[in-house]
Amino acid sequence: MVTRLDPKTFDATAEITWCAGCGDFAILKALKLALADLGIEPYQVLVVSGIGCGSKLPDYMTINGYMTIHGRPLPVATAAKLANPELHVIVTNGDGDSYGIGGNHFVQTCRRNPNITQIVENNQIYGLTKGQYSPTSDKGFVTTTSPDGAIELAFNPMAIAVAAGATFVARAFAGEPKHMAQLIAEGMNHRGYALIDVLQPCVTFNRVNTYDWYRKRIYHLEDEAYDPTDREAAWAKAHEWEERIPLGILYRLEGFPTYEDQVATLEGGSPVSRLLELARNPRPEQYERLKDEFT
Amino acid sequence: MNYREFLEQVQSRGCFATADETQSVVANVLRAVAEVLPQGQVDGLTAQLPPELMVYLRGAHQEPDPFFDSQLFLGWVVSSIDATGARDRTEEGLDLYAAYSGEEAIRRCHCVFAVLKSLLEPRQQDALIAYLPDEVSDWFVQA
Amino acid sequence: MSSYVVNDMSILIGGDAGQGVESGGAGFALSFARAGLHVFAMQDYRSRIRGGHNFYQIRLSERPRYSHSNPVHLLLALTPESVALHLDNIAEGGAIVFPDRFQIDEAPLKERGIRVDALPLVRIAEEHGNRIMTNTAALGAAAGIAEFPFDYMESVIRDNFARKGQEVIDSNLKVASVAYELARRQYGSDFPYKLRPLPEAPKRMLINGNEAIAMGALAGGCRFMSAYPMTPATSIIEWLAALPREYGVVTKHAEDEIAAACMAIGASYAGARAMTATSGGGFCLMAESMGLAGMTEVPLVIVEAQRGGPSTGLPTRTEQSDLLFAIHAAQGEFPRIVTAPGTVEQCFEAGWRAFNLAEKYQCPIVVLTDQLLSSSLRTLDMDAIDFAGVKIDRGSTLSYEELERLSDGYKRFEFTETGISPRAIPGHPKGTFWASTDEHDEHGHITEEIENRRRMMQKRMRKLDEAEKEMQPPSLYGPAEADVTLVCWGSTYGACREAADEINEAGGRANALHFVDLWPMPSQEAERALRACKRTVAVEQNYTSQLARLLRMTTGVQVDGTLNKYDGRPFAPEEIVAGLGLAESAKSGSAARR
């Protein structure tokens with residue numbers, strides 16, 4: 001029996017520095033709605049972010065917030081969850097943070113399946129540093145660091161997540177906060193790593209991928225007869241982009257063990273709980289037998 | 001009022017440089033309205049508004065997102081502002097356009113809403129206000 | 001033979017990588033430890049899996065030894081190359097044991113009084129087991145000519161091959177005992193160095209620095225370790241990963257060192273005691289993470305086991321060239337602690353003390369070791385590893401009860417006199433907080449405000465002043481009055497201590513001033529200790545005399561000379577003694593380059 005909370009429980013007083021109309025406002029709202037709906041209290045939540053406009057999100061919510069370094073929230077979050085599995089761990093970071101500098105950790109996390117939820121604020125540009133192209137910028141996107149248009153093909157997070165074995169792969173649109181909140185809640189309920197890539201317009205620097213641009217292309221998988229447990233279908237959907245962009249849960253595998261499920265040493269207690277116990281009751285005699293191997 | 005007259009009035013109120021820019025402003029404000037006004041309500045405006053404006057309202061949903069707020073509304077409107085794009089024109093760390101884009105976006109809403117109001121009966125205006133997010137409805141009333 | 005030298009010798013086993021030099025040597029060393037002898041065993045190997053020369057050097061004594069010693073008295077050569085490489089390092093009266101099928105030029109050896117003991121080692125191995133047991137045959141022969149009772153070798157062979165089945169055990173025993181008998185009969189009476197068991201000796205462990213650090217960490221409450229394999233640090237995580245499940249240590253082989261460090265930070269942030277271990281190259285990748293921990297005041301323990309640099313350098317060899325890097329790594333200024341244990345016992349202590357320091361001062365701590373200390377083995381009395389003496393001190397970490405008593409508005413980065421803020425573990429309703437690598441206020445919210453920035457910078461750096469109060473001053477080994485003081489840090493303690501002993505036994509006056517805690521430098525005590533010396537010579541395994549420079553930076557005292565070794569091989573005491581005469585003055589700024 002879940003007791004819903006008032007989303008205002010998660011409000012904070014810090015001055016928000018996002019530009020007017022930034023899609024991050026909607027993401028922040030959706031996350032509060034999802035947590036409130038799931039009845040999770042602020043003190044039970046850890047939101048880890050990297051560096052970037054979107055990575056300031058934890059500062060604007062009342063939860064345990066940890067704003068780390070560029071590209072590195074995933075290993076920090078993964079280990080925090082291992083150390084204290086009681087925490088609800090969420091990662092919020094941008095497309096550059098997650099798919100560029102953090103790319104290695106992203107791919108590893110997909111195959112690792114820790115029980116955390118990641119919301120990527122994907123605005124297809126580098127906002128905080130004022131408008132350079134990002135891993136998800138479409139080929140040909142012109143910016144100061146791509147004056148002749150971006151040369152590489154865009155990074156496809158949905159495809160890579162599916163290929164690497166992620167067990168919950170979803171996409172949302174910042175212009176649809178209710179749908180986004182639902183997906184976030186689903187992701188948090190999913191046992192395992194949940195990726196929600198949020199298409200999020202950067203109103204100041206990205207003049208191409210605007211709210212209207214997305215609105216013209218997005219459609220909802222829920223409106224079609226789509227089976228998210230079909231990995232082949234997910235692979236195909238992951239490659240739809242130019243004219244049609246599918247939103248919703250592209251792939252979902254339930255019942256697959258999480259990383260933590262498979263760490264045998266967690267069975268008797270977590271690193272945090274064991275330490276609390278040891279600090280009270282060190283029991284030094286438990287280690288004496290370890291000397292035998294050296295004799 | 002026909003479409004051209006609508007644009008001329010908006011352009012004159014907002015001191016926009018060109019008809020093209022004005023068209024962009026009108027389009028984005030109305031597309032934002034389409035995000036919050038249910039399809040049924042939009043249909044009711046067909047008689048009052050020139051068909052070219054109805055086109056911008058075509059994206060209306062059966063059931064708008066109840067959490068669509070003033071920030072998202074501004075997001076749609078800000079897209080029409082010729083912001084810095086790829087150039088960094090910061091001054092003391094503040095991007096000149098981003099710093100004032102919020103205010104500018106509200107101003108643009110005022111311009112479009114003012115002319116829009118002139119085409120609507122009070123009953124229709126109230127209906128519209130009911131669906132606009134908080135703050136946006138204030139801008140509409142103030143326009 | 002008129003007189004024997006009993007229980008005072010060094011044995012060197014040399015061969016190609018893949019011939020079992022290391023495994024055989026380690027087992028051999030253990031047999032002596034079980035017999036009550038003091039052992040110091042050192043390996044020399046290359047960054048290869050097969051081929052290339054490597055060797056194992058075992059020093060045996062009736063008193064504790066802290067270093068290897070040259071020359072050796074018995075060379076077991078599994079390849080002709082081994083003879084050529086080590087023949088200059090054999091003492092007069094010593095012997096070479098080797099397979100008789102090798103063509104060795106015996107004349108120059110005999111001229112120097114070295115015994116040439118050829119034996120049919122390969123034939124014995126092939127006849128009673130397998131050619132790969134040639135190293136076992138050689139070890140058996142060594143025990144034979146030293147007339148060391150076979151039982152001790154037997155017990156080690158039984159234990160080592162227990163998992164490979166009775167047949168393997170039996171053939172190894174057969175090979176070893178046949179070679180033992182043959183060697184003893186043929187060469188025993190002639191060989192002056194003997195090894196006799198000491199049954200009255202207490203039971204001892206034979207253990208290396210990595211194992212000691214891991215044990216210390218475990219006893220200190222560490223239950224999370226993430227790491228990326230890197231020589232010579234890898235065995236730390238491997239030891240913890242192999243522990244019985246009930247100890248509850250979570251280990252994670254991460255995708256790279258950046259993830260390894262960030263995971264340790266994440267686990268620590270959540271309230272666990274977490275560590276990572278690496279070598280110089282991996283530590284480079286962790287540099288930014290040092291700043292993450294320092295700025296967000298999260299405890300972090302990093303073991304940095306130094307090896308020959310720069311870049312990939314000499315991966316399997318030793319050096320002490322990351323000291324200044326460890327002290328300065330990462331942009332900006334924030335408190336950190338750097339400590340460099342010098343012996344296996346000090347490694348154990350560093351293992352648990354590092355966590356107390358990290359949690360008390362809420363900062364990163366680098367435990368600097370090196371390849372020599374990581375992998376060389378020394379005998380320790382059982383009670384030298386004292387688990388009951390381990391203290392778990394969590395500093396200002398708030399307990400559940402303390403959190404309960406908090407009034408509203410917990411401030412994770414509260415300004416305090418010591419700079420240490422009460423630390424909540426996330427998960428308690430009253431202890432919700434923010435932490436940010438951006439400059440932040442007491443609540444952890446991002447702010448660039450001038451006054452706050454000044455105060456927050458001062459707050460963090462005050463912790464360094466606090467930590468300095470509990471940094472251990474350097475310790476002096478040897479007589480209080482000396483003509484020369486060997487100033488050293490980390491693992492060079494062993495060779496310096498032995499060198500001082502040698503000088504003192506020969507009638508000179510020498511002592512060793514050994515630094516373990518290096519940052520923050522306990523500068524007042526360091527200065528006092530240095531100024532009390534007549535002549536100081538910094539003995540370091542690096543080119544630029546990093547400790548000497550650090551001491552000058554923190555105390556203003558310039559050492560009188562330096563002895564530098566940067567060839568990847570550890571100092572032998574004899575080298576230090578010989579080098580002292582040549583150590584130039586370091587006052588002009590250029591250290592002696594050797």
Side-chain angles (χ1 to χ4, degrees), chain A residues 12-14 17 41-46 48 51 56 58-59 62-84 86-87 104-105 107-108 263-272 274-276 278-279 282 284-288 290-291 293-295, chain C residues 33-34 203-207 211 215 218-219 221 223-224 226 243 245-250 252 254-256 258-259 262-274 288-289 291-292 296 382 385 387-388 390 392 394 425-438 444-446:
Chain A
T13 54
T17 59
E41 301 270 359
Y43 73 90
Q44 296 172 312
V45 181
L46 168 60
V48 187
I51 298 291
K56 298 196 179 179
D59 211 23
T62 295
I63 30 74
N64 292 295
Y66 196 10
M67 292 156 276
T68 65
I69 46 180
H70 200 28
R72 316 299 168 192
L74 279 172
V76 173
T78 301
K81 181 71 179 178
L82 275 170
N84 182 3
E86 311 267 299
L87 289 170
N104 188 21
H105 308 307
V107 172
Q108 308 304 333
V263 177
T265 47
L266 279 176
E267 275 159 33
S270 69
V272 172
R274 284 179 185 269
L275 175 59
L276 289 169
L278 285 167
E285 61 279 4
Q286 63 176 308
Y287 308 115
E288 285 300 321
L290 297 171
K291 293 181 179 177
E293 111 182 50
F294 304 108
T295 59
Chain C
R34 285 183 178 176
K203 193 172 180 191
R204 295 198 183 97
M205 293 175 285
L206 185 61
I207 183 173
E211 290 155 342
M215 275 215 287
L218 177 70
R223 292 299 182 269
F224 184 93
S226 45
L243 283 173
R245 207 173 279 185
E246 60 261 24
Y247 289 105
V249 181
V250 174
K252 177 80 193 100
E255 57 266 29
D256 55 34
I258 300 176
C262 287
M263 284 183 180
I265 291 170
S268 181
Y269 167 93
R273 282 191 161 190
E288 195 191 11
S289 306
L292 165 59
T296 56
M382 299 296 266
I385 303 277
F387 292 115
V390 172
I392 295 179
R394 303 199 72 183
I425 304 298
H428 189 283
K430 290 194 173 171
T432 308
F433 65 93
W434 295 270
S436 159
T437 52
D438 279 88
H445 281 306
I446 297 174

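Quantities reported herein were computed from a predicted structural model and do not represent experimental measurements. Letters A, B, ... are given to chains in the order of the sequence lines, protein chains preceding strands, and every chain is numbered from 1.
The only option from M382(C), R204(C), M215(C) that meets the side chain to side chain contact (heavy atoms under 4.5 Å, CB included) definition with F294(A) turns out to be M215(C).
Of the listed residues (P58(A), A80(A), A14(A), P42(A)), the one with the most heavy-atom contacts under 4.5 Å to chain C is A80(A). Interface check for chain C: of the options L266(A), L46(A), N84(A), the most heavy-atom pairs under 4.5 Å are formed by L46(A). Residue with the most contacts toward chain C among N64(A), V272(A), V76(A): N64(A) (heavy-atom pairs, distance under 4.5 Å). When each of A274(C), A270(C), G248(C) is scored by its heavy-atom pairs under 4.5 Å with chain A, the top score falls to G248(C). Comparing L87(A), V263(A), L290(A), T78(A) by heavy-atom pairs within less than 4.5 Å of chain C, the highest count is held by L290(A). Contact tally against chain C (heavy-atom pairs below 4.5 Å) for Q108(A), R72(A), E285(A), K291(A): the top residue is K291(A). The choice from A435(C), G291(C), P426(C), A272(C) that makes the most heavy-atom pairs within less than 4.5 Å of chain A is A435(C). Ranked by heavy-atom pairs under 4.5 Å with chain A, the first of C262(C), S268(C), G444(C) is C262(C). Here P75(A) is the residue among P75(A), A83(A), G269(A), A264(A) with the most heavy-atom pairs under 4.5 Å with chain C. In terms of non-hydrogen atom pairs under 4.5 Å with chain A, the most contact-rich of S226(C), S289(C), A259(C) is A259(C). Chain A forms more heavy-atom pairs under 4.5 Å with one residue of I265(C), I207(C), I425(C), I392(C) than with any other, namely I207(C).
Contacts between H445(C) and chain A at a heavy-atom distance below 4.5 Å involve backbone atoms as well as side-chain atoms. Heavy atoms closer than 4.5 Å to chain C are found nowhere in S270(A), neither backbone nor side chain. Residue contact with chain A, scored on non-hydrogen atoms closer than 4.5 Å, involves the side chain of L243(C) exclusively. Of the two parts of V250(C), the backbone and the side chain both hold a non-hydrogen atom closer than 4.5 Å to a non-hydrogen atom of chain A. For R34(C), the part lying near chain A is the side chain, with the backbone staying farther off; criterion is any non-hydrogen pair under 4.5 Å. If you measure heavy-atom distances from I51(A) to chain C, the contacts under 4.5 Å come from the side chain alone. With a 4.5 angstrom heavy-atom cutoff, A33(C) does not touch chain A via any of its atoms. With a 4.5 Å cut-off on non-hydrogen atoms, F433(C) touches chain A through its backbone and its side chain both.
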Verdict with reasoning, T295(A) to K203(C), per side-chain contact (heavy atoms from CB on, under 4.5 Å) = CA-CA 8 Å; T295(A) 59; K203(C) 193 172 180 191; 3.8 Å; yes
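Across every non-hydrogen atom of R394(C) and A279(A), the tightest pair is CD-CB, 4.3 Å. Nearest heavy atom pair, residue Y43(A) against residue G427(C), reads CD1-O, 3.1 Å.
Between F387(C) and Y287(A), the ring planes lie tilted relative to each other; the angle falls in the 30° to 60° range.
Looking at heavy atoms from C-beta onward, L278(A) lies out of side-chain contact with R273(C) at the 4.5 angstrom threshold.
Between the side chain of S436(C) and the main chain of M67(A), no donor-acceptor pair closer than 3.5 Å is present. T437(C) places a side-chain N or O within donor-acceptor distance of the main-chain N or O of T68(A), the cut-off being under 3.5 Å. A distance-only check finds no donor-acceptor pair linking the side chain of Y66(A) to the backbone of G266(C) [under 3.5 Å].
Between atom CD of residue E288(A) and atom CD1 of residue I385(C) there is a gap of 10.0 Å, rounded to the nearest 0.5 Å. Considering CZ of R274(A) and CD of E246(C), their distance stands at 8.5 Å, rounded to 0.5 Å. Atoms CG and CD, on N104(A) and E255(C) in that order, are 5.5 Å from each other to the nearest 0.5 Å.
Within 6.0 Å of the CD atom in Q286(A), the count of heavy atoms belonging to other residues, nucleotides or ligands exceeds 12.
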